[in-house]
Amino acid sequence: MFQKEQQLIEEKIKEFCKANDIALAGLKWQSIPFAGEWGFSTSFFQTAANEAKLGRGNKVPVPQKAQEIAEQVKAQLGSVEGISHIEAVKGYLNVYFKTSDYAGRVVEEALANGENFGRGAAKNERLMVEFSQPNTHKAFHVGHLRSAILGDSLARIVDFAGYDLVRANYPGDMGLHVIRWLWAYLKYHNGEEPETDITHWMGMVYADATKKLEEDPTLETEVRALYARWDKRDPEIEALWKKTRQWSLDGFNQMYNLLDIKFDKYYFNSEEERPGKEIVADLVKRKIAIDERPEGPVIVKLDELLGNDKEKYRVLVVLRSDGTALYATEDLSLVLHKFRDYPDLARSVYVVDVRQSLHFTQVFKTLELAGYEQAKKCAHVAYELVTLPGNVVMSSREGTVVLLENLIREAVERAKEETRKKNPNLGGEQLDTVAKAIGMGALKYPILARENAKIVTFDWQAALDFNGQAAPYIQYAHVRCNSILRKANVKTWDETIAGYSYELDASEIELIELISRFPSEVQRAAEEYKPLVIATIAYDIAKAFASFYDKCPVIQADANIRDARLQLVMAARQTMANALNLLGIQAPDVM
RNA sequence: GCUCUCGUAGCUCAGUGGAUUAGAGCGCUUGCUUGCGGAGCAAUAGGUCGCAGGUUCGAGUCCUGCCGGGAGCACCA
């Protein structure tokens, strides 16, 4: 936001060092870390160290030398337009803005851009984010939540940061689990139709299949017979598969609607099976893969091909010994399929659980060895699981699943109760809308506000705690902004900026500082694939606002201060709304 | 055995090689409302940043080793 001044000063420093033969190191600028004033700063430690290495500086210790250089630079700079003062402290050069200019510029930028405040310039680069990947014919439980929520937020961030985005889903629609389901359906549930909670019902049938097969393992022969019929594309089985698959997809859409998640493109593993086998045949022909059939499977000895001493990439099995496809077979094909659909894809991102890290490095490396440059553009964003307290992994077999439908119902119900207590004036449809925003936010935020690679322990109590660092806190700050503006009867920004020449409170300075950082945080979140960055700044802004709210009267303030603060409130509200939107969380007007 | 990952306050977690005093939330103790919504604010207490080396002017942050937790490693997905 203040590149111009920064560049100007950087030029002057370079000139100065050149004139005085100082071995200037690259300048790294950062914002000044202490509250109270704004500016940017850089240090001369590296430069002083360079000087020492050259044998100059008469053995003056580096920190002292850095301070000397900073002082010399300061003396040379004189006064700069828009800059209030410059100081040399502990080897740092601190450049301070004129407070009123800075505050005015930040608020104006936020208000002028509105819901686009923080949006990055178009990068003309296409990026695909694949996430969610649920298995059809199974339940959708809390274990599936993280990929969906993380992927969705990542997609929103990448889009907002300026990339051309494709949101892709890759449901597992064929495999042994599907055949088992079809078998149980035909044998025990024939003719039945799903109830309202579709994925729940699909999961029940699947659980039934598992149970029956455990009770009597000889029934597996029936399942295998059914698999054979599928392999021959028996029309009756294929029709049933298509019909029941659609039930699952309808069920997923119910979930995605609840979670406010959308996709542009669906890939299915059933469609990658045949092209995948062709790729494998080609790999065998080119001696990248070794066909050990019928004794063994078709494999790619990656470490051997790469000449590695230590086991790193190991061996990838690309086809079963009976010639049937594995996930690896289909994933090989999927990479190429995506780049056929979008030849200008700059990056293809897979949001998949960390347990599949080796699998993805193997698949991408195999394609790379086969000369497919696309593979270098693929990245696996790994995330850890959501577990239950006591480190219990959720699994449908163990019966430890928390169904997503139930969780969402519970969260929204709990939010409704709480909202009724806090705000008895709300009712009817408005109460429902608000409760949904709060409940869903409470659910999503703890998952997003965590490092991707860290395990989230799912805890009802923590998930439904609306206090402290959680989405409802941010939503509440948004509501309070809104309330002030409503009471002051301010609807839209009138395009003039009231001056910030009065003495700003420390809390106002903090709030403005955080708002100014939002655009660069969006870029960082997109580059690092980390919604956590947005979750953190959203909370920080809400916290700064809460402090401001307590210390600085707005409506009752003197006219000139009142106008300036109303605009600041508007800017804060906008920034929080934009940040929440990137997390897939609604910002209600009342709650 | 090999590979990856995590280890920061009682608990759950932030922390981009750089700044006095390593920060939040929960919990504990205490104060704040005739006032813009108290789902809030403010204050107190709580730390050998797993351990040991190394690189660097400077390390919670980078490198190596060790310890501890978790995960993955040929026909599961």
Side-chain angles (χ1 to χ4, degrees), chain A residues 28 30 32-34 41-43 45-50 52-53 61-66 89-92 94 133 135 172 175-177 269 292-293 296-301 310-322 324 326-329 353-359 361-362 382 384-385 387 391 418-419 421-423 438 446 449-451 453-457 459 461-462 465-470 472-473 475-477 479-488 507 524 528 532-533 535-536 539-540 543 546-557 565-566 569 590-591:
Chain A
K28 279 179 280 185
Q30 57 178 53
I32 290 175
F34 1 89
S41 76
T42 192
S43 69
F45 296 110
Q46 190 59 56
T47 301
N50 288 352
K53 274 180 205 150
V62 165
Q64 191 185 330
K65 182 69 187 167
V89 181
K90 295 178 180 175
Y92 288 84
N94 293 337
Q133 308 108 338
N135 278 329
L176 198 53
H177 73 278
N269 73 318
E292 296 184 333
R293 287 179 292 172
V298 180
I299 58 175
V300 179
K301 293 184 172 178
K310 289 200 167 179
E311 300 171 67
K312 188 167 181 196
Y313 293 96
R314 297 171 193 268
V315 171
L316 177 64
V317 176
V318 289
L319 201 67
R320 286 198 190 90
S321 48
D322 66 2
T324 57
L326 294 137
Y327 249 50
T329 322
D353 119 56
V354 68
R355 262 138 254 238
Q356 296 183 36
S357 290
L358 179 62
H359 168 81
T361 50
Q362 288 178 326
E384 258 294 356
L385 298 185
T387 66
N391 212 16
E418 203 68 16
T419 307
K421 263 190 266 171
K422 306 282 184 189
N423 191 348
I438 296 169
R450 191 118 323 164
E451 193 66 51
K454 284 195 178 174
I455 294 171
V456 172
T457 303
D459 180 347
Q461 221 186 332
D465 186 355
F466 298 151
N467 300 310
Q469 184 170 2
Y473 178 91
Q475 291 168 320
Y476 183 58
V479 164
R480 294 214 288 191
C481 287
N482 205 56
S483 178
I484 289 175
L485 295 170
R486 195 175 51 237
K487 288 225 160 90
S507 62
R524 192 159 76 90
E528 297 178 6
L532 159 70
V533 171
T536 303
Y539 173 71
D540 288 344
K543 196 168 162 50
S547 185
F548 160 80
Y549 183 89
D550 202 59
K551 292 203 186 78
C552 302
V554 177
I555 294 174
Q556 290 97 332
R565 284 185 176 160
L566 280 171
V569 169
V590 290
M591 65 190 270

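Just the heavy atoms: all of them, side chains too, but no hydrogens, waters or symmetry mates, feed the values below. Chain naming here is simple, since letters A, B, ... match the order of the sequence lines and numbering starts at 1 in each.
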* Asked: Tell me, for nucleotides 28-33 of chain B in 5' to 3' order, what letter each nucleotide earns: B for a base near a protein heavy atom under 4.0 Å, S for only sugar-phosphate near one, - for neither?
  -> ------
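Looking at the side chain of A/Val554, the nearest of the listed nucleotides B/A19, B/G38, B/C36 is B/C36. The side chain of A/Val317 sits closest to B/A74 out of B/C73, B/A74, B/A71. Of the listed nucleotides (B/A74, B/G37, B/G1), B/A74 has the atom at the smallest distance from the side chain of A/Glu292. Checking B/A74, B/A19, B/G25 against every side-chain atom of A/Tyr92, the shortest atom distance belongs to B/A19. Taking every side-chain heavy atom of A/Ile555 into account, B/C36 is the closest of B/A14, B/C36, B/C57. Across B/U16, B/G58, B/C26, the shortest atom-to-atom separation from the side chain of A/Gln46 is found for B/G58. When the nucleotides B/A39, B/C41, B/C75 are ranked by their closest atom to the side chain of A/Pro297, B/C75 comes out on top. Each of B/G38, B/A77, B/C73 was ranked by its minimum atom distance to the side chain of A/Leu326; first place goes to B/A77. Here B/G38 is the nucleotide among B/G70, B/A77, B/G38 with the atom lying nearest to any side-chain atom of A/Tyr476. Each of B/C41, B/C36, B/G70 was ranked by its minimum atom distance to the side chain of A/Ser547; first place goes to B/C41.
Shown here, B/A22 forms no base pair; nothing in the strands shown gives a Watson-Crick or G-U wobble contact with both key distances under 3.5 Å.
Regarding A/Leu532, its CG atom lies at a distance of 14 Å from the C1' atom of B/U12, rounded to whole Å. Here B/U12 presents its C1' atom at 10 Å from NZ of A/Lys454, a figure rounded to the nearest Å. Whole-Å rounding puts the A/Gln469 CD to B/C26 P distance at 9 Å. Distance CG (A/Asp353) to C1' (B/G70): 13 Å, rounded to an integer number of Å. Between the CG atom of A/Asn467 and the P atom of B/G40 there is a distance of 5 Å, given to the nearest Å. Between A/Lys28 atom NZ and B/G18 atom P there is a gap of 8 Å when expressed in whole angstrom units. Separating the CG atom of A/Asn269 from the P atom of B/C76 is a distance of 15 Å, rounded to the nearest angstrom. Atom NE2 in A/His359 sits roughly 14 Å away from atom P in B/C75 (whole-Å rounding).
Within the nucleic acid shown, A/Cys481 has no heavy atom closer than 4.0 Å to any nucleic acid atom. A/Glu451 comes within 4.0 angstrom of the backbone, heavy atoms only, and of no base. Across all strands shown, A/Val479 has heavy atoms under 4.0 Å from base atoms, whether or not it also approaches the sugar-phosphate. In this structure, A/Arg524 reaches the bases: a heavy-atom distance under 4.0 Å links it to at least one base atom across the strands shown. Heavy atoms of A/Lys543 sit under 4.0 angstrom from primed sugar atoms or phosphate atoms, though from no base atom. Nucleic acid contact class of A/Lys310 (heavy atoms, under 4.0 Å, all strands): sugar-phosphate only. A/Tyr473 comes within 4.0 angstrom of the backbone, heavy atoms only, and of no base. A/Pro553 comes within 4.0 angstrom of a nucleotide base, judged by non-hydrogen atoms across all strands. Within 4.0 Å of A/Ala546, counting heavy atoms only, lie sugar-phosphate atoms of the nucleic acid but no base atom. Among the protein residues, A/Val590 comes within range of the nucleic acid bases, having at least one heavy atom under 4.0 Å from a base atom. When heavy atoms are screened at a 4.0 angstrom cut-off, A/Thr419 is found touching base atoms of the nucleic acid.
Under 3.5 Å, the side chain of A/His177 and the base of B/A77 form no donor-acceptor pair of N or O atoms. Counting atom types as modelled, A/Ser41 pairs a side-chain N or O with a base atom of B/A19 as donor and acceptor under 3.5 Å. One can find a donor-acceptor pair under 3.5 Å joining the base of B/C73 and the side-chain atoms of A/Arg314.
Each of A/Lys90 and A/Arg320 has a nearest nucleotide on RNA chain B; the 5'-most of these lies closest to A/Lys90.
Listed here is the closest heavy atom pair of A/Thr419 and A/Met591: CG2-C, 4.0 Å. Across A/Phe548 and A/Ser507, no two heavy atoms sit closer than the pair CA-OG, 3.4 Å.
For the C1' atom pair drawn from B/A9 and B/G15, the interatomic distance equals 14 Å after rounding to whole Å.
Stacking of the aromatic ring of A/Phe45 onto the base of B/G18 is found: the ring centres lie under 5.5 Å apart and the planes are inclined by under 30°. By the criterion of a centre-to-centre distance under 5.5 Å and near-parallel planes under 30°, the ring of A/Tyr549 forms no stack with the base of B/G40.
Taking 4.0 Å as the cut-off between side-chain N and carboxylate O, A/Asp322 and A/Arg320 do not count as a salt-bridged pair.
Expressed to the nearest 0.5 Å, how far NZ of A/Lys487 lies from CG of A/Leu566 amounts to 13.0 Å.
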Could you write out each protein N or O paired with an N or O of nucleotides 43-46 of chain B at a distance under 3.5 Å?
none

